[in-house]
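Let me begin by presenting the structure, written as structure tokens, before commenting on it.
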Amino acid sequence: MRNKEQEMAWRKVMEACMEDVKHHFDDIQQAIEFGCYIQPDNYFASYIFATDSQLETARQSGLTEQINSYHREQLIKRHYPIEGIKDCTFASQEECDREFGGNWYYYFK
């Protein structure tokens with residue numbers, strides 16, 4: 001049987017974590033999460049850079065690793081279930097616009 005209250009609590013933890021990450025790292029344009037909170041590991045979070053070149057620079061400089069580490073720390077700090085804590089992904093708005101007309105659902109599908 002599903003526990004709607006628990007699902008909402010997990011979703012709120014994820015949303016708070018993503019807000020913290022966005023505020024901590026100025027280069028992030030937005031954060032997107034997709035998933036179903038029936039199980040805490042049925043989600044993923046992605047942090048979006050404005051351009052392909054910004055994303056590439058972040059990868060080369062180690063910024064994406066720092067963001068990923070901070071993301072995981074925030075989930076742990078908020079007591080998100082350990083089995084659901086995993087690496088985040090990264091993308092650029094420029095690529096989503098170019099390849100999928102800005103539709104993130106199709107980008108991640």
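Position 1 is the first residue of the sequence; numbering continues from there. Please read these numbers as outputs of a predicted model, since none were measured by experiment.
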Is the [atom1] atom of [X] crowded by more than 12 outside heavy atoms at less than 6.0 Å?
X: Lys86; atom1: NZ; result: yes
X: Glu83; atom1: CD; result: yes
X: Phe100; atom1: CZ; result: yes

Next item on the list: Please identify each residue that fulfils side-chain hydrogen bond (donor to acceptor under 3.5 Å, both in side chains) with Thr89, with sequence neighbours left out.
Entry: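 side-chain hydrogen bond (donor to acceptor under 3.5 Å, both in side chains) list for Thr89, sorted by chain: Ser46.
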Checklist line | Contacts of Ala16 that satisfy side chain to side chain contact (heavy atoms under 4.5 Å, CB included) - sequence neighbours left out | finding: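 Listed in chain order: Arg78.
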Notebook entry, point to check: What residues, two or more places apart in sequence or in another chain, satisfy side chain to side chain contact (heavy atoms under 4.5 Å, CB included) together with Ala58?
Noted result: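 Ala58 satisfies side chain to side chain contact (heavy atoms under 4.5 Å, CB included) with Phe49, Leu63, Thr64 only.
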Nearest heavy atoms of [X] and [Y], plus distance in Å:
X: Gly102; Y: Gln93; result: CA-NE2, 4.4 Å
X: Ala31; Y: Lys22; result: N-CD, 3.6 Å
X: Asn68; Y: Phe90; result: N-CZ, 4.2 Å
X: Gln29; Y: Ala50; result: OE1-CA, 3.2 Å
X: Ile85; Y: Tyr43; result: CA-OH, 4.4 Å

Let me confirm one number: the [atom1]-[atom2] distance from [X] to [Y], rounded to the nearest 0.5 Å.
X: Ile67; Y: Asp27; atom1: CD1; atom2: CG; value: 7.0 Å
X: Ile32; Y: Tyr107; atom1: CD1; atom2: OH; value: 9.5 Å
X: Phe34; Y: Tyr105; atom1: CZ; atom2: OH; value: 8.5 Å

Next item on the list: Let me see the working for Met14 and Leu75 under side-chain contact (heavy atoms from CB on, under 4.5 Å), right down to the final yes or no.
Entry: CA-CA 7 Å; Met14 181 59 58; Leu75 288 173; 3.7 Å; yes
Check: Charged N to carboxylate O under 4.0 angstrom, Glu7 versus Arg11?
Finding: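 Looking at Glu7 and Arg11, the cut-off is not met.
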Next item on the list: Taking the side chain as every heavy atom from C-beta outward, state whether Thr51 and Ser92 have any atom pair closer than 4.5 Å.
Entry: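 Side chain of Thr51 against side chain of Ser92, heavy atoms only: no contact under 4.5 Å found.
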Note to self: Could you check whether any side-chain heavy atom of Glu15 comes within less than 4.5 Å of a side-chain heavy atom of Glu19, counting everything from C-beta outward?
What the structure shows: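 Side-chain contact under 4.5 Å: no.
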Check: If you look only at pairs with a residue in residues 54-77, which of them pass as a ring pair (Phe, Tyr, Trp, His ring centres under 6.0 Å), with sequence neighbours excluded?
Finding: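 The answer is His24-Tyr70, Phe25-Tyr70, Tyr47-His71.
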Margin query: Strictly by salt bridge (Lys or Arg N to Asp or Glu O under 4.0 Å), give each pair with a member in residues 88-109 just once, sequence neighbours left out.
Written below: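 Found Asp52-Arg98.
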Next item on the list: Any salt bridge (Lys or Arg N to Asp or Glu O under 4.0 Å) involving residues 53-77? Give me the pairs, sequence neighbours left out, ordered by first then second residue.
Entry: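 The answer is Arg72-Asp87.
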